[in-house]
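Below is one structure, written out as structure tokens; comments come after it.
In the text below, chain A, chain B and the rest are named by the order of the sequence lines, each starting its count at 1. Since this is a predicted model, take the numbers as computed values, not measurements.
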There are 2 protein chains.
Amino acid sequence: MSRQRGTRARGHLTAADWAEAALAAMREGGGLAAIAIEPIAARLGATKGSFYWHFANRDALIEAALARWETLRTEEVLAQLQLATDPMTRIRELFQQVTAAVAEDPTEIALLAQAGHPVAGPVLRRVTQRRLDYLAGLFGELGLPEAEARQRSLQAYCGYLGRAQLAHAMPEVLPTGEENARYLDAVIASLLGRRSRPGG
Amino acid sequence: MSRQRGTRARGHLTAADWAEAALAAMREGGGLAAIAIEPIAARLGATKGSFYWHFANRDALIEAALARWETLRTEEVLAQLQLATDPMTRIRELFQQVTAAVAEDPTEIALLAQAGHPVAGPVLRRVTQRRLDYLAGLFGELGLPEAEARQRSLQAYCGYLGRAQLAHAMPEVLPTGEENARYLDAVIASLLGRRSRPGG
DNA sequence: CGCCCACCGTACGTCGGCGTATGGCGTCGG
DNA sequence: CCGACGCCATACGCCGACGTACGGTGGGCG
């Protein structure tokens, strides 16, 4: 609940407030269909009258919400850039952080299922491409040639996406704690061409 | 309106016809929300009057459609069982077949995003568990101990799910043809603890 | 032949959500 | 002190979809 934007800090809502509430609704409702004006208005303690002052229509709200989501994800990646200088360490930190973060945010899973949407599709593709490029850069720093780096970044990202899906649909099959650490070790090792514990 | 010949004699529809049409609508519309009685009725050349004879309500249709989907996926796995006796060959065939099959069927991606749905959730979890068990059995046949087999089956299935997502959202980043074959080789090799081409 | 009933069409009421029109209130500039 | 404007509430019409009531038809059986 932040009302910092705007000179008049009365009980008035801003477009950013609506976008944030739309993202929250999407998180809980699971999908773009959850972005509905009237329920969000009720949730904000307002009415449609307020909404249609800030936005032209529902599509504009979706656009704003997804734009907000895109910048959040982009900033997240940039924050990861500050982790460590060693690319090997960075990969490990990245995996741990990212697999934990996606567990309790169904937004991404919801967007994946809406790849055909005229607004969500391009946003999704930009975010995905950015992540793949970042991963390929990481593997490149490890000395892998371009093609090999791309291949492994793809493999790594598929593993990430799949794990995100499972974390959302069947969290009970995913390892936790110490076992999860060993699992991540194995994944990273297989991505780097070596195995951690052949004997188990 | 014109009398659209159904799949049954004398133009009459069956519950199975409705379930199949609901699955088709979900395939094209992407999501459970696409299962709407009146559009499907129009598509079948019928009206709601016909539907409510065969089903109690919309939820019953969703249940029937998902039950049909579940048996289809189960039969699919059983068909894969007949592939080859060598588990190594079976894994390869399975990967190729499965990555190709999921490319043009958004149903699974749509269901993944609906894991919280009271009907879709359990169906999804049953199918996933069945696949994981099957994969773990395959790795077990390769001589891996139980825990190791489970870990790798999880890794393999995450790779499958992620690739399915990418095939739906960003098919252009996925390799094709010869490059795809090399990619699958690398994935399988990393799952088996050896790498195919360290030098690229 | 005639009746029954499975099967379906039609019409209706309802509900939720979109978009619009318009009035009202508070705050600021003059 | 007043008008103007930014911001919002209220009320309305519309549409698509759900579910119901009921009428109708046609084919098989008595």
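- Put simply, OH on B/Tyr52 is 18 Å from P on C/dC12, counting in whole angstrom units.
- Put simply, A/His54 has a side-chain N or O that comes within less than 4.0 Å of OP1 or OP2 on D/dC8.
- Proximity of A/Arg43 to A/Glu28: side-chain heavy atoms (C-beta onward) are separated by under 4.5 Å at one or more points.
- A/Pro175 has its side chain out of reach of A/Leu184: every pair of non-hydrogen atoms, C-beta onward, lies at least 4.5 Å apart.
- Side-chain atoms of A/Val173 and B/Thr128, non-hydrogen and from C-beta on, never get closer than 4.5 Å to each other.
- Rounded to an integer number of Å, the gap from A/His12 NE2 to C/dT27 P is 8 Å.
- A parallel orientation is assigned to the rings of B/Phe51 and B/Phe55, their planes being inclined by less than 30° (bins at 30° and 60°).
- B/Phe55 places its CZ atom 13 Å from the P atom of C/dC7, with the value rounded to the nearest Å.
- The distance between atom CD1 of B/Ile37 and atom P of C/dG9, rounded to the nearest whole Å, is 14 Å.
- Nearer the 5' end of DNA chain D, as judged by each residue's closest nucleotide, is the contact made by A/Ala46, out of A/Ala46 and A/Glu38.
- A/Trp18 places its CH2 atom 12 Å from the C1' atom of D/dC7, with the value rounded to the nearest Å.
- In this model, the phosphate group of D/dC7 is approached by a side-chain N or O of A/Trp53 to a distance below 4.0 Å at OP1 or OP2.
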